[in-house]
*Asks:* 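Have a look at this one before I ask anything.
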Amino acid sequence: MRADPSGSARPRRAVGAVCGVVAAFAGLAVAELVTAAVRPESAPVTAVGAAAVDLTPVAVREWAIGLFGTANKAVLTLGIVVVLAVVAAGAGLLAVRRPPAGIAVAGGFGLLGAVAALSRPEASWQDALPSLAGGLTAAAVLGLLVTAAARPRPAGSPPGGAWAMDRRGFGRLVVGVLAVSSAAGLAGRRLGAHGSAGATASRAALVLPRPAVPAPPVPAGADLRVPGLSPFLTPVKDFYRVDTALVVPRVDAGAWRLRIHGEGLPRPLILGLRELLARPLVEHDITLTCVSNEVGGPYAGNARWLGVPLADLLREAGVRPPSRGGPADQLVARSVDGMTLGTPVETVMDGRAALLAVGMNGAPLPFAHGFPVRMVVPGLYGYVSACKWLTELRLTTFAAYDAYWVRRSWAQQAPVKTQSRIDTPRPYTALRPGRVAVAGVAWAQHRGIRRVEVRVDGGPWQEARLGDADGVDTWRQWVWHWEATAGPHTLQVRATDGSGTVQTGVRSGTVPDGATGWHTVRVNVPALG
């Protein structure tokens with residue numbers, strides 16, 4: 001590029017950065033268009049994000065979940081886009097001085113996306129196409145823009161600014177690139193939405209059979225109806241979601257298949273959704289808990305699940321638990337996105353309400369919670385039991401295979417620990433002196449809750465009133481009325497499970513098998529007058 005006599009480099013740097021960012025936008029738009037012909041998970045930002053999740057140390061991942069909650073995926077995606085914009089601007093700055101090097105950087109980012117896409121466990125060669133197309137587009141557009149920016153002004157045009165270039169022609173070219181790119185990106189979005197329309201229609205058309213064994217009505221006293229207390233049954237819109245899927249898989253119910261195979265089975269059992277729904281369905285109220293849930297955290301929810309008893313299906317396939325001579329002690333569930341979770345075969349077949357769930361709170365599973373079929377096993381943390389978007393069950397051993405999270409420092413087997421939580425009052429609330437309802441929930445799935453106790457400022461434990469029990473697999477609400485006096489106060493809660501074991505007060509983090517400790521809430525009661 002030609003500098004004017006003043007020698008100012010600012011316009012040149014600004015134009016270079018614009019060239020890079022516009023080229024990256026064009027590359028992402030074309031990648032979006034190609035993604036519509038492959039699958040949503042192959043998009044460059046999604047592929048890079050998924051690879052980043054895989055490579056992130058456990059401590060960093062848990063920190064992100066604690067800081068951002070269920071918005072951690074959106075934060076990760078935004079971070080990738082910001083980094084891409086910075087790299088693109090840098091490539092543009094390099095290209096105005098050394099065009100081949102800058103163009104190579106732009107194309108190299110597409111290659112990085114292709115490598116990330118191919119690193120996924122369920123990847124095929126087509127998954128590399130969106131990133132490769134986007135990288136080639138970004139490189140070509142960057143070369144085009146840099147060449148146009150270097151073209152001098154037409155002879156006789158009035159001087160303007162510190163850099164000799166045809167600004168009007170360059171501006172028209174940038175606008176044209178942005179317009180074409182936007183059209184390509186919008187077309188990709190619409191085609192992608194059209195591609196998932198079949199899955200959406202299949203869910204909308206699905207009518208769940210009535211359960212052969214319906215769940216009994218929730219006891220009238222199970223929900224204490226205290227303001228600020230979590231409802232006994234968690235609405236679907238409020239049910240927590242913790243997984244690694246940056247794009248929620250949208251599976252067509254008509255095309256869904258489940259394959260059951262592995263050690264001890266003479267032949268695979270393959271089922272479609274219609275065959276699964278033809279079996280007797282049962283209903284159970286079950287509380288699920290994520291191992292990433294800190295003491296007092298929000299990653300627990302209670303729902304009414306409809307599904308097929310998993311143990312019955314395994315027995316039909318020829319599975320025997322280890323206690324009866326079966327060769328496999330681990331059931332590895334695989335999701336359509338390649339996620340693997342390992343569940344003890346003995347636990348699944350010990351008589352508890354382990355389900356292949358198809359319904360949640362009276363409706364088909366939402367896509368975000370695993371439509372069309374997911375696993376639900378009460379008493380185990382979700383990372384070893386609650387596989388969403390289920391497509392495969394494989395019988396193996398814990399010695400032979402480590403599932404996804406076990407390879408990342410989590411425990412192989414993870415029964416849910418007894419926990420209790422104060423929902424109200426909220427931390428650091430200013431309360432009025434007098435009678436205050438301290439309330440929350442406690443859970444110890446498959447053991448049940450026998451007692452909940454509360455104490456103030458390290459004083460004696462006071463027994464709370466429990467809501468009615470709805471079996472041993474759900475949480476129980478509790479409430480204790482406190483005569484609050486002026487001053488700062490510390491509230492603590494602990495639970496005793498159905499086996500008589502008292503919740504430990506020893507504080508530990510979530511890794512490797514769930515947090516422990518008493519939930520502590522600090523409040524203030526200002527003096528009146």
*Asks:* Is the distance from the ring center of Trp389 to that of Trp256 below 6.0 Å?
*Replies:* no
*Asks:* For Arg320, give me all partners under side chain to side chain donor-acceptor pair (under 3.5 Å), at least two apart in sequence or on another chain.
*Replies:* none
*Asks:* How would you list all residue pairs meeting side chain to side chain donor-acceptor pair (under 3.5 Å) that involve residues 406-415, not counting sequence neighbours?
*Replies:* Asp402-Gln412
*Asks:* Please, which pairs that meet salt bridge (charged side-chain N to carboxylate O under 4.0 Å, His left out) have at least one residue in residues 259-279, sequence neighbours excluded?
*Replies:*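 Of all non-adjacent pairs touching residues 259-279, those that pass salt bridge (charged side-chain N to carboxylate O under 4.0 Å, His left out) are Arg279-Glu316.
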*Asks:* Tell me the ring-ring contact (aromatic ring centres under 6.0 Å, His included) pairs involving residues 260-302, sequence neighbours left out?
*Replies:* none
*Asks:* Does anything in residues 361-388 pair up under side chain to side chain donor-acceptor pair (under 3.5 Å), and if so which pairs, sequence neighbours excluded?
*Replies:* Asp243-Lys388
*Asks:* Are the charged groups of Asp470 and Arg476 less than 4.0 angstrom apart, N to O?
*Replies:*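 Between Arg476 and Asp470 there is no salt bridge, as every charged N stays at least 4.0 Å from the carboxylate O atoms.
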*Asks:* So that I can tick it off, tell me whether Arg189 and Glu32 are bridged by a salt bridge, with the cut-off set at under 4.0 angstrom between side-chain N and carboxylate O.
*Replies:*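 Looking at Arg189 together with Glu32, the answer is yes, because their closest N to O distance falls below 4.0 Å.
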*Asks:* Can a donor-acceptor pair be found between the side chains of Ser420 and Gln503 at a distance below 3.5 Å?
*Replies:* yes
*Asks:* Checking side chain to side chain contact (heavy atoms under 4.5 Å, CB included) against Pro372, which of Leu258, Leu276, Val251, Leu277 comes through?
*Replies:* Val251
*Asks:* CD of Gln330 to OG1 of Thr397: how many Å apart, nearest 0.5 Å?
*Replies:*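 With rounding to 0.5 Å, CD (Gln330) is 7.5 Å from OG1 (Thr397).
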*Asks:* Which heavy atom of Leu265 sits nearest a heavy atom of Gly318, and at what distance?
*Replies:*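 Smallest interatomic distance, heavy atoms only, reads CD2-C, 3.7 Å.
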*Asks:* Parallel, tilted or perpendicular: which one describes the rings of Trp475 and Trp443, with boundaries at 30° and 60°?
*Replies:*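 Judged by the thresholds at 30° and 60°, the geometry between Trp475 and Trp443 is tilted.
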*Asks:* Rounded at 0.5 Å granularity, tell me how far CG in Leu355 sits from CG in Leu313.
*Replies:* 11.5 Å
*Asks:* For Glu122, give me all partners under side chain to side chain donor-acceptor pair (under 3.5 Å), at least two apart in sequence or on another chain.
*Replies:* Arg39
